[in-house]
Participant: 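Pasting a structure below so you can have a look.
Note that the coordinates shown come from a computational prediction; the quantities given were computed from them, not determined experimentally. Start at 1 with the first residue, then count along the sequence.
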Amino acid sequence: MISLTINGEYRQFDAPLNCADLIARLELAGKRIAIERNGEIVPRSRYGEQALAEGDKLEIVVAVGGG
């Protein structure tokens, strides 16, 4: 079990995650997003290797197009 705060909301997951796993769980795969973990931007190239730890605070921003 792992507990994270995502965009100010407390969430629990049944197994350890990395950023790529989290994106899939949140159904954000294929969307243009940015992830900030504990105040630091996670480069997209590191989503698969960036493990998330108990108590991490994440901000996830989804880019919205328009015009």
Side-chain angles (χ1 to χ4, degrees):
M1 182 76 66
I2 184 172
S3 300
L4 305 170
T5 302
I6 303 170
N7 294 348
E9 181 182 329
Y10 180 78
R11 302 275 306 262
Q12 287 189 314
F13 298 90
D14 57 355
L17 302 166
N18 61 36
C19 287
D21 297 332
L22 180 64
I23 291 167
R25 289 272 184 99
L26 298 177
E27 299 180 357
L28 295 173
K31 297 189 180 199
R32 295 180 56 174
I33 65 168
I35 299 177
E36 180 185 276
R37 175 180 173 250
N38 301 326
E40 303 225 358
I41 297 293
V42 178
R44 186 178 310 277
S45 62
R46 298 201 58 220
Y47 284 1
E49 62 193 58
Q50 180 63 67
L52 300 174
E54 177 71 25
D56 276 352
K57 293 181 192 302
L58 303 162
E59 292 294 325
I60 301 175
V61 178
V62 179
V64 177

Participant: Which atoms form the tightest heavy-atom contact between A15 and I2, and what is the distance?
Facilitator: O-CG2, 3.3 Å
Participant: Ion pair present between E49 and R46, side-chain N to carboxylate O less than 4.0 angstrom?
Facilitator: yes
Participant: Within a radius of less than 6.0 Å around CD of E27, do more than 12 heavy atoms belonging to other residues, nucleotides or ligands occur?
Facilitator: no
Participant: Could you tell me whether the side chain of R11 reaches within less than 4.5 Å of the side chain of L26, counting heavy atoms only?
Facilitator: yes
Participant: Taking R44 for its side chain and I33 for its backbone only, find out whether a donor-acceptor pair lies under 3.5 Å.
Facilitator: yes
Participant: Which heavy atom of Y10 sits nearest to which heavy atom of S3, and what is that distance?
Facilitator: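 Taking Y10 first and S3 second, the nearest heavy atoms are OH-OG, 2.9 Å.
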Participant: For residues D21 and P16, report the shortest heavy-atom separation together with the two atoms involved.
Facilitator: OD2-O, 4.5 Å
Participant: Which one of N38, N7, T5, I35 satisfies the side chain to side chain contact (heavy atoms under 4.5 Å, CB included) criterion with L58?
Facilitator: I35
Participant: Determine yes or no for a side-chain-to-main-chain donor-acceptor pair under 3.5 angstrom, with D56 supplying the side chain and L4 the backbone.
Facilitator: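 It does not hold such a pair.
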Participant: Taking M1's backbone N and O only, do any of them form a donor-acceptor pair with D14's side chain (distance below 3.5 Å, no angle check)?
Facilitator: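 Flag not set: sc D14 to bb M1 has no pair under 3.5 Å.
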Participant: Closest approach of I23 and Y47, non-hydrogen atoms and distance?
Facilitator: CD1-CD2, 3.3 Å
Participant: For atom CZ of R25, decide whether the heavy atoms of other residues, nucleotides or ligands shown that lie under 6.0 angstrom number more than 12.
Facilitator: yes
Participant: Please determine whether residues L17 and L28 belong to a single hydrophobic cluster, defined as Ile, Leu, Val, Met, Phe, Trp and Tyr linked transitively by side-chain heavy-atom distances below 4.5 Å.
Facilitator: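 Yes, L17 connects to L28 through the hydrophobic network.
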